[in-house]
Amino acid sequence: MILTKAQYDEIAQCLVSVPPTRQSLRKLKQRFPSQSQATLLSIFSQEYQKHIKRTHAKHHTSEAIESYYQRYLNGVVKNGAAPVLLDLANEVDYAPSLMARLILERFLQEHEETPPSKSIINSMLRDPSQIPDGVLANQVYQCIVNDCCYGPLVDCIKHAIGHEHEVLLRDLLLEKNLSFLDEDQLRAKGYDKTPDFILQVPVAVEGHIIHWIESKASFGDECSHHAYLHDQFWSYWNRDGISQCSSGWCGTPGLSDSSASATQSAGITGARKHFLPGIFMKCVCK
Amino acid sequence: MAAVLESLLREEVSVAAVVRWIARSTQGSEDNAGEAAALSSLRALRKEFVPFLLNFLREQSSRVLPQGPPTPAKTPGASAALPGRPGGPPRGSRGARSQLFPPTEAQSTAAEAPLARRGGRRRGPGPARERGGRGLEEGVSGESLPGAGGRRLRGSGSPSRPSLTLSDPPNLSNLEEFPPVGSVPPGPTGTKPSRRINPTPVSEERSLSKPKTCFTSPPISCVPSSQPSALDTSPWGLGLPPGCRSLQEEREMLRKERSKQLQQSPTPTCPTPELGSPLPSRTGSLTDEPADPARVSSRQRLELVALVYSSCIAENLVPNLFLELFFVFQLLTARRMVTAKDSDPELSPAVLDSLESPLFQSIHDCVFFAVQVLECHFQVLSNLDKGTLKLLAENERLLCFSPALQGRLRAAYEGSVAKVSLVMPPSTQAVSFQPETDNRANFSSDRAFHTFKKQRDVFYEVLREWEDHHEEPGWDFEKGLGSRIRAMMGQLSAACSHSHFVRLFQKQLLQMCQSPGGAGGTVLGEAPDVLSMLGADKLGRLWRLQERLMAPQSSGGPCPPPTFPGCQGFFRDFILSASSFQFNQHLMDSLSLKIQELNGLALPQHEPNDEDGESDVDWQGERKQFAVVLLSLRLLAKFLGFVAFLPYRGPEPPPTGELQDSILALRSQVPPVLDVRTLLQRGLQARRAVLTVPWLVEFLSFADHVVPLLEYYRDIFTLLLRLHRSLVLSQESEGKMCFLNKLLLLAVLGWLFQIPTVPEDLFFLEEGPSYAFEVDTVAPEHGLDNAPVVDQQLLYTCCPYIGELRKLLASWVSGSSGRSGGFMRKITPTTTTSLGAQPSQTSQGLQAQLAQAFFHNQPPSLRRTVEFVAERIGSNCVKHIKATLVADLVRQAESLLQEQLVTQGEEGGDPAQLLEILCSQLCPHGAQALALGREFCQRKSPGAVRALLPEETPAAVLSSAENIAVGLATEKACAWLSANITALIRREVKAAVSRTLRAQGPEPAARGERRGCSRACEHHAPLPSHLISEIKDVLSLAVGPRDPDEGVSPEHLEQLLGQLGQTLRCRQFLCPPAEQHLAKCSVELASLLVADQIPILGPPAQYRLERGQARRLLHMLLSLWKEDFQGPVPLQLLLSPRNVGLLADTRPREWDLLLFLLRELVEKGLMGRMEIEACLGSLHQAQWPGDFAEELATLSNLFLAEPHLPEPQLRACELVQPNRGTVLAQS
């Protein structure tokens, strides 16, 4: 099953300033019952990340942080059990996990002599039990489990999806009897940046020659949207250096049917030209 | 000129303004009004500034550089005015210059010296001697020989000074210094008459290193005679007498000169002292004056001049970059000031800031100045070859004056891969019969065909005879071979025979002279047979050794005249002896054609931003191809130039006046032999200057005196000058020429500008409308110029004179080694034992010869095939060894490492130490590689050769080809293996060790035994990502906030845990981080179950999970933790304050599930009692509501009261007992 650009846009349209919570996702599911939860979540995540990238800076001014922290303190003094931090994040339109990190940092600054290191913060976010303040620990945990776009759990899910699809892809290749080198082998050969798989013998797919395959667990970002204006699923940049994307891989929205993974293709820019054109495989759901 | 320099020193104008002023005809808008005014008044002198500056520096340094005259030159009148001064009988620039171009000028210079020293403005008679005396026209302007500036090095400037009748203050103030000069000599001259010889070696090239050998002890003084070969390579083949003889001649000339001085010098009374004055530096050279940065006088002034000088160099305002560098190196390595600075106390500080006082008052000043200049040219220095960099980096003066520069040089040295070797194995092999051009069909008649056959034989006979005899003393080419060559030429009647012969001649020329070895002559010519027996390996070593031994031998100073070294001499002499008009014409035609063909060759081009390491190999190949083409072109162009201008050259000086005009009129009618102007223009447009200009320079270097005056060639020189000016090294940007490409062009152009026949007004007076060199806008984006095609090897091959820099530094090191401990390494003879036994060396050499002979008689394709097979099999062999032997060793290393780790415990010791232990155990096994490699080549090569050669190949040929292929492949593979196998094993083992250690370290989960999924597993389990997502949903529901209608059904929970079990059992998709998160989420879930915090869907009455269901779910979790998780499960989180705190919110509080869970954990061995006790203990420290803390205490007491090993029955009945915890809580 193919997700068209129009469908993608429609979904994205519904996601404008929606908090990244379970409830939002449920509403989205009701609105687009034909799409799987994973697809919707993936698009949601993608769109939300774009939104956060745009607005990130304004939440990181010292004034903003100070005002959030005061509101948090006032809130928990009134009622420590209420979802103070989560409500705050939703109210100011910021990701709950990121808000939790912000407040935690601020909290630690106040209570510790030395500014907290990034690794300590990360470790506390992964395991809020380490947070010295019980109330804050609960608040932070609540933010993390309720955030469906950011946070350690979401990161882990994304990572797991990536890994799973790499395994799926490998199985498919083995099943099709295609000889390939995987990332580890490539790295052992001294490649710095590698796609997931390089085919030792190129294959032709629908008239296009494929040299490598990269599986991505998330949708391509904006530059690919600009580069790709067709309603089609496949797109190729077979000519090196033509791609308008300067940063490397590109992808366009795609969605799989039930049997195979959604795939997308992309050329690779001149920057890494030791790879000939390949395919950029996008696995959204199974 | 002096005024400009003075105003600069007085800081009236800035350095930048001066450089702008020199470089551009118009004033830059950046200049401020004052500067502009100061400079515009001097506008007329603008062109003469650079020559003036160069001369000024040479003059100033003349006291330091031992060969120069003892004092700056004076006009006769000036010195006469100061009787106290030991006369400046200007032993002038001739001597100094000649030192730059010693081999050729040794004789002539000496002969001319007396004249030159008098006036210094006469023209040398011979072409090679011209350079010293050129640029005299400019001198007439009353300034100091602007043109000569670039050519003089140690030049005292004495010839120019006489004309410096302008009120030039320095002269007068210099006089103040002279007394001390005079004061030194009397002693030494009295005691050491040998010093009188002092000036003679000036004309020898290794002037710097010589003093210590020549004049310390008589036997060594004959050392120069060991350099006849260098002398022999004079451009026109004039064999020069051995060094000793020339020394004697020079002595003779000195005597003459002195007598002249006695007659003419205004201070004839004391010639001996001033002659002797430089000598202290000589004899004292073993104790060189140390340079001390603290004793530099007038730093600021030196800095300013250094800056102007550096800027001129950087802007390519000087004709020859490397000549200036050579000069600066000379200053850096100056051994001793002629006049001791300390004996000059009366020098008043007031004059220190102007030109009136000498710029270099001591060695310290010289070194300081040199280091200042070198600092500005680090980029050039860093691109010199590794040997030069090493010598520079180890120069203690540099270290002491600029540790920063020394550090950068050291870093550059360490990072440099530019090892340059100019000695290569010579290849003297006949051009084989070329069926496509040499067969009968290409000849008009049988007779012509047979004549050509005979000629071919005669030609090779002549060649062989030359090879055998040309190094014998007294052998003369013309006498020995001339008549035979002419007889042979006479037989070439038919025109087409000429073209055939010319083709052969040209091919042989390319074959013999193309390699640097060819240019260097048959280096081992004396005993080729013996040496060839040594075998390739030993031979290579011998060549390296020979190179080191020959290193000091100069190629003729930093600016040698064009020469025909080595085999090229044969071809030159052949052309001269043949003196056949037809032959020359055919040769020119053929050379022109070949040049055009090669010049137009489409060389592969690269995108300039390709920085991948992987394409390095390709690069090497393409660079090599470029080098071959360029060297061929240079060789062909050199001979074309030689032949083309042969009729017009002569030893007599160029005509002047009317005669010149008529010659010009005549010559301008003659079309050029090759339209080089167009080729140059096209080359520049196509950005292929790096290919076109070097050969064009070779061509032009043979031009006669009239050529530069012809309009056609004048255009070419103008183009070249503009190109030269545009090649500013510091401007590096996208689309510009690569640095080394620029350096090559600067070097060859600089060399060309020093060629005697190139008038120097060309350089200093030529002024185009704009110096900016405009490349045609339609030029391709990337030409050859933008590709890094030039490397140091090619640079030094094309411009061997750059190596003079290294020799200068080396001679400094060897000279100062006595004091500083020295960096010179002794060559320790060692007998190397190769890893494997080798066949006897003689048979090896003979085999190689046999193989050559075999190929010579077979079609070229056979050789290509065999070489290709050998190359591929050899390479495959190495790969095979890597994949088998090395991989096995790595596996051994891994198991050894595991053992080590087990025996040594967790830490396992220092990784580096571990690696050492492993390598010492494993590397000896590398010796097997050779045997395996040999076996591999033996097995694989014959089949490949057989498959590639035609079926019809005779059996004997086939088997020979197979054997050769096996041999070559084995040689190739074994050479690589024996050199690299240890390093390879080391590298691989190191990688394996770090891999193993990494796997050990931060990821303890990876250490434990990991079970894969069972063989029958179909991998249909839910994906981990899905499960994490699902569990996360449950957690978020439980933690809230949630809508009133939200919740989960107990069945869903059970199903979820079931799926979790499946996923954990099928490990296909599971990665460690996912498993960790699943473990953590499952613990969180358990905590929520215990605290009864999970909202349950269903009938409103049953909002809570039924107790039994909760226990069942907990049981499922316990079994997952126990059985299915392979990574650690953070069970202690169950007792974290936050999770226990969940219980505080439930009313009524129910402790029984927690107690149940704790007991089960202990029973299943998931957690130890002690561990739980510790967790419970730490819980007390947290702040709880009063009643909660109380209940908690009760719980822990209850848990602690349990028997340590409860019996199953007891536990079973406990399950049905009323909830003790609830009771407790309610009580």
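First the proteins, then the strands, lettered A, B, ... as listed; each starts at 1.
Screening residues 128-153 of chain A for salt bridge (Lys or Arg N to Asp or Glu O under 4.0 Å), with sequence neighbours left out, gives no hits. For residues 92-101 of chain A, there are no salt bridge (Lys or Arg N to Asp or Glu O under 4.0 Å) pairs, not counting sequence neighbours. Pairs passing the salt bridge (Lys or Arg N to Asp or Glu O under 4.0 Å) check and including a residue from residues 21-30 of chain A, sequence neighbours excluded, read Arg22(A)-Glu1046(B), Arg26(A)-Asp1043(B), Arg26(A)-Glu1046(B).
A distance of 8.5 Å separates CG of Leu1023(B) from CD1 of Ile161(A), quoted to the nearest 0.5 Å. Atom-to-atom distance recorded for Arg1042(B):CZ and Asn146(A):CG is 10.5 Å, nearest 0.5 angstrom. Here the CG atom belonging to Asp1033(B) is positioned 9.0 Å from the SG atom belonging to Cys148(A), to the nearest 0.5 angstrom. Here CZ of Phe1069(B) is found 8.5 Å from NE2 of His165(A). Values are rounded to the nearest 0.5 Å.
Within the 4.5 angstrom heavy-atom criterion, no atom of Gln130(A) approaches chain B. Only the backbone of Ile144(A) comes within contact range of chain B, with at least one heavy atom under 4.5 Å from a heavy atom of that chain. For Pro1137(B), no part sits under 4.5 Å from any heavy atom of chain A, backbone or side chain.
Interface remark: of the candidates Cys1081(B), Ala1038(B), Pro1041(B), Pro1041(B) forms the most heavy-atom pairs closer than 4.5 Å to chain A. The most heavy-atom pairs under 4.5 Å with chain B, out of Ala137(A), Pro83(A), Ala160(A), Ser129(A), come from Ser129(A). Ranked by heavy-atom pairs under 4.5 Å with chain B, the first of Asp127(A), Leu86(A), Val154(A), Ile131(A) is Asp127(A).
Heavy-atom proximity under 4.5 angstrom to chain A picks out Ser1025(B), Ile1028(B), Ser1029(B), Lys1032(B) from residues 1025-1032 of chain B.
Between Cys1071(B) and Val167(A), every side-chain heavy-atom pair lies at or beyond the 4.5 Å cut-off. Within the 4.5 Å cutoff, the side chain of Gln1068(B) has heavy atoms near those of the Asp171(A) side chain.
Minimum interatomic distance between Glu164(A) and Pro1024(B) (heavy atoms only, all atoms of both residues): OE2-CD, 3.0 Å.
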